[in-house]
There are 2 protein chains.
Amino acid sequence: MTSSDLTWDLFRSFLAVLREGSLSGAARALGMTQPSLGRHVRELEASLGVPLFSRASHGLVPTDAALELQPHAEAMASAAASALRAASGAKDELRGVVRITASEVNGVEVLPPILAAMHRRSPGIVFELSTTNRTENLLRRDADIAVRSSPPDQDALVARKVCVIPIGLYAHADYLAAAGRPKTLADLTRHTLIGYDEETPYIRATRPAGMPYQREFFSLRTDNDLAGLAAIRAGFGIGACQVPLGRRAGLVRLLPKSVDIALPIWVVMHEDQRTSLRIRTVFDHLVEGLAAYGGSRTSPKLLTSGA
Amino acid sequence: MTSSDLTWDLFRSFLAVLREGSLSGAARALGMTQPSLGRHVRELEASLGVPLFSRASHGLVPTDAALELQPHAEAMASAAASALRAASGAKDELRGVVRITASEVNGVEVLPPILAAMHRRSPGIVFELSTTNRTENLLRRDADIAVRSSPPDQDALVARKVCVIPIGLYAHADYLAAAGRPKTLADLTRHTLIGYDEETPYIRATRPAGMPYQREFFSLRTDNDLAGLAAIRAGFGIGACQVPLGRRAGLVRLLPKSVDIALPIWVVMHEDQRTSLRIRTVFDHLVEGLAAYGGSRTSPKLLTSGA
DNA sequence: TGGAAGTCATACAAAAATGTATATCACACC
DNA sequence: GGTGTGATATACATTTTTGTATGACTTCCA
């Protein structure tokens, strides 16, 4: 029933060696010594009957078998980290670590005030904020809660669509004073545009009718939304950003009737975490805070009311 | 970056104690001794700062904190088991363990001949077949490949809809000789019916128009499809089963034009496993075998052709 | 009520894992 | 071309972990 008599620590050492590329590096990362790591790797290889690394003088080069093993070891590591977070808070207390993942814009521009308010109310909660634009794997427990713009499509996840953030075209008043103000979508061709670098399916799906602009039209192409926003603020040209952000930054909205994109916001958590008071609380705070930010009129569905 | 200096084995011991309910039992399961397990638990409690069990003379009773920790430890265990399977086959060889999960009917009636053919072709592959009607968690790597009747809804999974198995009403010839043969759906009210016990969303969705029969009409109610099939074979009455199975069992199909339900079959695997030759091979064999079983006319999409 | 069988906890010896020190080798750089 | 840096592998002492043996306790059942 239980897995073989393999020690789980062998996988831990294996993963460290794989990540660091050398026994010495792994030893440093784990606070152990190089001979121990060497023995662990050898023992794992003997147990599995598969060579995992080819020894080189400048480090250990993983074999194909090692690379095949890697995702499983990573899954173990994520679960272990998740367990530590789970244990960081006593069951009935509002304290402990909660790891949140969100896109860069949301992590930098939207979440901080919400987290600040939450922390004032519950100072025992420690936040880990991982900002990345690729969808992080709640599957593997790399985070406790995710703020996403796509529905999760997962049986084992609890998700709430909290709001739909409108996206609008914005520019700085200085830019408009110098370059004039576009009256129609067609006018945009005569303007300096800020846009994406690589076209994603989402962009393809939400490009508004009558706005065929591809990346060739952009004078500044970036997939870093923060850089794009900063460029708008700096008066570089015209670009798209979340309406609340544009408003907050004192930017001028352009063609509000022609450009009407919406970015749904989902808050997602693992079903397992439902029983954790602190994670449920953060989940609910996020739902409320984001709903308020997005200007939702309907009262958000919370976990606490649902259960 | 790395998780704290916690030994992963502590979680392994913790999980064993949780599953077995006592230090002694966990020691037996892990091939270790009771004092060692006791020390591990104490060490984990000290490291986490949370009591995990209340000691009783008849065993250890988990605290709420322990129950909250459990799913994460289970995730670690599944990942470890999955790693072992991954390592059981050399990368470029057709050998090693593949764990398949399927529903009971499919696991008992449909898969065995397919697996047998596969094993004749690739005798190095060892199969683990887990039959359960609840959806097993590929998320947590409880299995390598799943045969399901619902689309997976998972970003991290690779899925193929291989066929749509028709479901029909069947009865044994002996039963029909004694009770007569229904000519219309309405006739069914005068017959002995075999049906489900609990109504699932799938049943609600696929109930054919003009067939309002609820469980009250059934003389034998079971959610065990195998038992239902056996009852039909035994001449108990009229029930639904997969058309290929009914045909293979020599049963008589009833009202084929009025009853036209279809059960889609999906084969699903983890994206990570894509690089594993043996899993990809089993995946493709399953796709082919099930497509042939379901009588699909279009050639199935295989991984090997796709990649 | 008494005994059998199960549990956890503790003391001590044995085994196993770890760390220290050192030798050897490859690579980059002056 | 020599030298410094950083890598792995090995020998040996030390520390840590594990196992054994035993005691105290509870539960169950005759």
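Residue numbers begin at 1 in each chain, while the letters A, B, ... track the order of the sequences.
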Whole angstrom value for the distance that separates [atom2] of [N] from [atom1] of [X]:
{"X": "B/Leu10", "N": "D/dT18", "atom1": "CG", "atom2": "C1'", "answer": "14 Å"}
{"X": "B/Glu45", "N": "C/dC8", "atom1": "CD", "atom2": "P", "answer": "13 Å"}
{"X": "A/Glu20", "N": "D/dT8", "atom1": "CD", "atom2": "P", "answer": "12 Å"}
{"X": "A/Met32", "N": "D/dT16", "atom1": "CE", "atom2": "P", "answer": "14 Å"}
{"X": "B/Leu30", "N": "D/dT17", "atom1": "CG", "atom2": "P", "answer": "17 Å"}
{"X": "A/Leu37", "N": "D/dG6", "atom1": "CG", "atom2": "P", "answer": "18 Å"}
{"X": "B/Asp9", "N": "C/dA16", "atom1": "CG", "atom2": "P", "answer": "16 Å"}

From [options], pick the nucleotide closest to the side chain of [X]?
{"X": "A/Pro35", "options": "C/dC8, D/dT20, C/dA21", "value": "C/dA21"}
{"X": "B/Ser36", "options": "D/dT8, D/dT18, D/dA21", "value": "D/dT18"}
{"X": "A/Gln34", "options": "C/dT7, D/dA9, D/dT10", "value": "D/dA9"}
{"X": "A/Arg42", "options": "C/dT18, C/dT10, D/dT10", "value": "D/dT10"}
{"X": "A/Arg39", "options": "C/dC8, C/dT18, C/dT20", "value": "C/dT18"}

Main-chain N/O of A/Ser130 paired to A/Thr101 side chain as donor or acceptor, under 3.5 Å: yes
Main-chain N/O of B/Pro51 paired with B/Thr63 side-chain donor or acceptor, under 3.5 Å: yes
Side-chain N,O (B/Arg28) to OP1/OP2 (C/dG6) below 4.0 Å: no
Under 4.0 angstrom between B/His40 side-chain N/O and D/dT17 OP1 or OP2: no
Inter-end axis angle, the helix from C/dT1-D/dA30 to C/dC30-D/dG1, with every axis fitted to five base pairs (rounded, 10 degrees): 30°
Any residue meeting salt bridge (charged side-chain N to carboxylate O under 4.0 Å, His left out) with B/Asp225, in chain and number order, not counting sequence neighbours: none
For a quick test of your reading: what N or O donor-acceptor pairs under 3.5 Å do the side chains of residues 29-36 of chain A make, sequence neighbours left out?
{"from": "A/Thr33", "atom 1": "OG1", "to": "A/Ser36", "atom 2": "OG", "distance (Å)": "3.4"}

Sugar-phosphate, base or nothing in reach of A/Ser24, heavy atoms under 4.0 Å: base
A/Tyr196 and A/Phe218 aromatic ring geometry - parallel, tilted or perpendicular at 30°/60° bounds: perpendicular
5′-ward residue of the pair B/Leu23/A/Thr33 relative to DNA chain C: B/Leu23
Cationic N near anionic O, under 4.0 Å, A/Asp9 to B/Arg12: no
Result of checking A/Gln273, A/Arg274, A/Arg278 against A/Ser276 for side-chain hydrogen bond (donor to acceptor under 3.5 Å, both in side chains): A/Arg278
